[in-house]
Amino acid sequence: MSDEKLTPRSVDFSEWYNQLVQRAELADYAPVRGCMVVRPYGWTLWENIQAALDRRFKETGHVNAAFPLFIPMSFLEKEKEHVEGFSPELAVVTVGGGEKLEEPLVVRPTSETIIGYMYSKWVQSYRDLPILINQWGNVVRWELRTRLFLRTLEFYWQEGHTAHATEAEAREETLRMLDVYADFAINDAAVPVIKGVKSQTEKFAGAVMSTTIEAMMQDTRALQSGTSHFLGQNFAKAFDIKFLDENNTLQYAWTTSWGLSTRFIGAIIMTHGDDQGLILPPKLAPIQAVIVPILKSDLESAPVMEAVRRVEAELKAAGIRVKVDDRAEVTPGFKFNDWELRGVPIRIEIGPKDVEKGSVALARRDKPGREGKSFVPQAGLAETVKTLLADIHASLLARATAFRDSHIFDPKDYAELTEAVQNGWAYSYWCESAECEAKVKEDTKATTRCIPLDQPSGKGKCIVCGKDAERKVYFAKAY
RNA sequence: CGGGGCGUGGCUCAGCCCGGUUAGAGCGCUGCGUUCGGGACGCAGAGGUCGGCGGUUCAAUUCCGCCCGCCCCGACCA
């Protein structure tokens with residue numbers, strides 16, 4: 001609800017984002033710096049994301065559980081890289097019930113440690129494995145610079161934690177869940193992502209290997225949209241997760257963890273949104289179709305509203321998430337803009353002319369103006385809407401994919417690379433040394449985003465140092 | 001934590017330099033009426049410890065000091 005236009009993306013992309021998040025009522029700033037309130041519209045979107053992921057987790061054999069928010073400080077310290085990675089951003093509770101605590105409690109920044117501790121209690125035999133548990137919850141990381149959804153002190157996510165008898169099985173699980181994320185991103189959110197492996201410097205603190213799905217936002221910056229980690233035996237050794245195998249030999253388990261957070265909402269906003277506001281992917285949109293009645297006078301009100309209610313009931317019965325905007329105090333034109341700001345995929349206008357002709361006006365959010373508007377019969381509308389929703393999904397995905405691909409460059413030399421990452425991603429051979437990675441970062445602020453799983457067949461020379469390189473990597477500025 | 005900016009109705013801001021009557025505007029909000037196929041209009045209203053504390057002064061939103069908070073820019077991150 002606002003009468004002013006959004007700052008256009010071309011003028012100030014991050015200002016566009018900030019205004020949009022608030023005006024669309026996805027989230028608001030909380031009284032504590034860096035914390036956000038997820039408003040009902042934003043939370044419903046998150047619930048739809050949760051449902052889409054949770055279904056996939058269950059299908060791949062996982063179960064949900066809940067682990068505590070507080071973790072003994074000493075747990076974090078058991079895994080060297082882990083504590084080094086997270087200690088700068090920990091929130092620590094030192095007083096409880098008015099008394100200084102004997103051991104400070106960390107508000108979980110992630111739950112590998114406490115879950116590792118529990119797994120060590122639960123695992124004795126190879127017959128206890130694998131353990132495939134997911135948790136939906138919140139975590140706290142004391143970030144310095146925050147943005148709604150993209151980086152807040154507290155955020156909501158899911159974290160899967162699995163333990164396996166063999167390395168191969170754990171590695172397989174890591175990639176399986178990466179596939180789950182990619183499938184969700186592409187097929188439910190219409191966000192094209194690239195699956196890949198993080199460099200040693202970019203990987204999760206404590207992991208042997210981190211994998212990621214990377215998405216390109218409309219300002220061409222990269223957003224890590226979900227991660228899946230192969231933790232090797234690092235946490236098993238730190239927390240003593242041991243089992244007897246078939247040969248009665250004591251072995252450390254192999255663990256994985258994987259997470260996707262409310263940050264993904266930021267990915268949706270910055271992948272699809274336009275200068276009018278949000279464009280939500282149909283499968284995740286809290287409201288898939290909004291009906292706006294057009295009332296010329298009180299006389300015409302009754303037949304129009306009768307048609308509106310009938311259409312509403314039909315769409316509902318067909319499983320479409322539909323809302324009637326029957327507010328009397330604002331005009332249809334206002335409502336059009338209002339729902340466009342909120343990203344509802346389809347608008348249905350029903351007025352006196354439609355009652356007369358047995359038609360409705362359909363407007364698709366992804367194609368503004370006349371191009372996206374059509375007049376269709378009321379008969380069979382549920383099917384028409386379903387088809388259109390599917391079509392919108394496909395066109396959003398195609399558009400985002402085309403945008404991304406047209407902003408991925410293949411620089412011929414280092415000078416071209418520095419140019420490429422100013423308005424896109426550079427896809428280049430890299431010798432995988434931390435030195436070359438650091439040089440690019442220092443010169444351009446771009447980091448390695450991932451070494452994609454799909455690689456060209458040949459080999460090449462490192463774009464930075466010219467030495468032999470096995471694999472190509474994406475360099476990009478990132479969120 | 002370094003550099004810059006800002007705190008005045010719900011929001012965006014004016015007023016402050018140069019202290020002095022009832023502190024304003026636009027938007028939003030409430031009520032009534034007319035409207036309604038791309039951001040309607042009229043009339044009548046409600047709403048402010050001018051971020052906090054202290055100082056200067058007959059008198060402080062205005063001048064001074066301290067504190068608090070927020071935003072932007074530089075070192076970390078899903």
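Each chain gets a letter, A, B and so on, in the order the sequences are listed, and its residues count up from 1.
- Within 6.0 Å of CD on E442(A) lie no more than 12 heavy atoms contributed by other residues, nucleotides or ligands.
- Taking only distance into account, the side chain of D338(A) never meets the base of G39(B) through a donor-acceptor pair shorter than 3.5 Å.
- Within 3.5 Å, a donor on the side chain of S261(A) pairs with an acceptor on the base of A78(B), or the reverse.
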For nucleotides 70-74 of chain B, print each protein N/O atom paired with a nucleotide N/O atom at under 3.5 Å, atom names and distance only.
| residue | atom | partner | partner atom | Å |
| --- | --- | --- | --- | --- |
| C73(B) | OP2 | R145(A) | NH2 | 2.1 |

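- Within the structure, salt bridge (charged side-chain N to carboxylate O under 4.0 Å, His left out) contacts touching residues 269-293 of chain A (residues at least two apart or in different chains) are R9(A)-D275(A), D274(A)-R365(A).
- Under a 4.0 Å N-O distance rule, the pair E435(A)/K439(A) does not qualify as a salt bridge.
- Between E349(A) and R347(A), at least one side-chain nitrogen of the basic residue sits less than 4.0 Å from a carboxylate oxygen of the acidic one, meeting the salt-bridge criterion.
- For RNA chain B, each stem of at least three Watson-Crick or G-U pairs (distances under 3.5 Å) is given as range with range: B:1-7 with B:68-74, B:10-13 with B:24-27, B:29-34 with B:40-45, B:51-55 with B:63-67.
- Taking only distance into account, the side chain of R347(A) meets the base of G38(B) through a donor-acceptor pair shorter than 3.5 Å.
- Listed by first and then second residue, the salt bridge (charged side-chain N to carboxylate O under 4.0 Å, His left out) pairs that reach into residues 177-187 of chain A are R56(A)-D183(A), D179(A)-K195(A), sequence neighbours excluded.
- The salt bridge (charged side-chain N to carboxylate O under 4.0 Å, His left out) contacts involving residues 201-212 of chain A comprise E81(A)-K203(A), E202(A)-R449(A), where partners must be two or more places apart or lie in separate chains.
- In this structure, F155(A) counts as stacked on the base of A78(B) under the 5.5 Å centre distance and 30° plane angle limits.
- To the nearest whole angstrom, the two C1' atoms, one in G26(B) and one in A14(B), are 11 Å apart.
- With sequence neighbours excluded, no residue forms a ring-ring contact (aromatic ring centres under 6.0 Å, His included) with H164(A).
- Taking atom C1' in both G52(B) and A46(B), one finds a spacing of 28 Å when rounded to whole Å.
- Using atom C1' as the reference point in both U35(B) and C17(B), the two lie 48 Å apart (nearest Å).
- At a threshold of 4.0 Å, the pair E437(A)-K441(A) does not count as salt-bridged, since none of the basic side-chain nitrogens sits closer than that to a carboxylate oxygen.
- Two residues, A363(A) and R449(A), neighbour RNA chain B, and the one matched to the more 5' nucleotide by heavy-atom proximity is A363(A).
- Between the NZ atom of K5(A) and the P atom of G39(B) there is a distance of 10 Å, rounded to whole Å.
- The side chain of T331(A) contributes no N or O atom lying less than 4.0 Å from OP1 or OP2 of C36(B).
- Between E371(A) and R364(A) there is no salt bridge, since none of the side-chain N atoms of the basic residue sits less than 4.0 Å from a carboxylate O of the acidic one.
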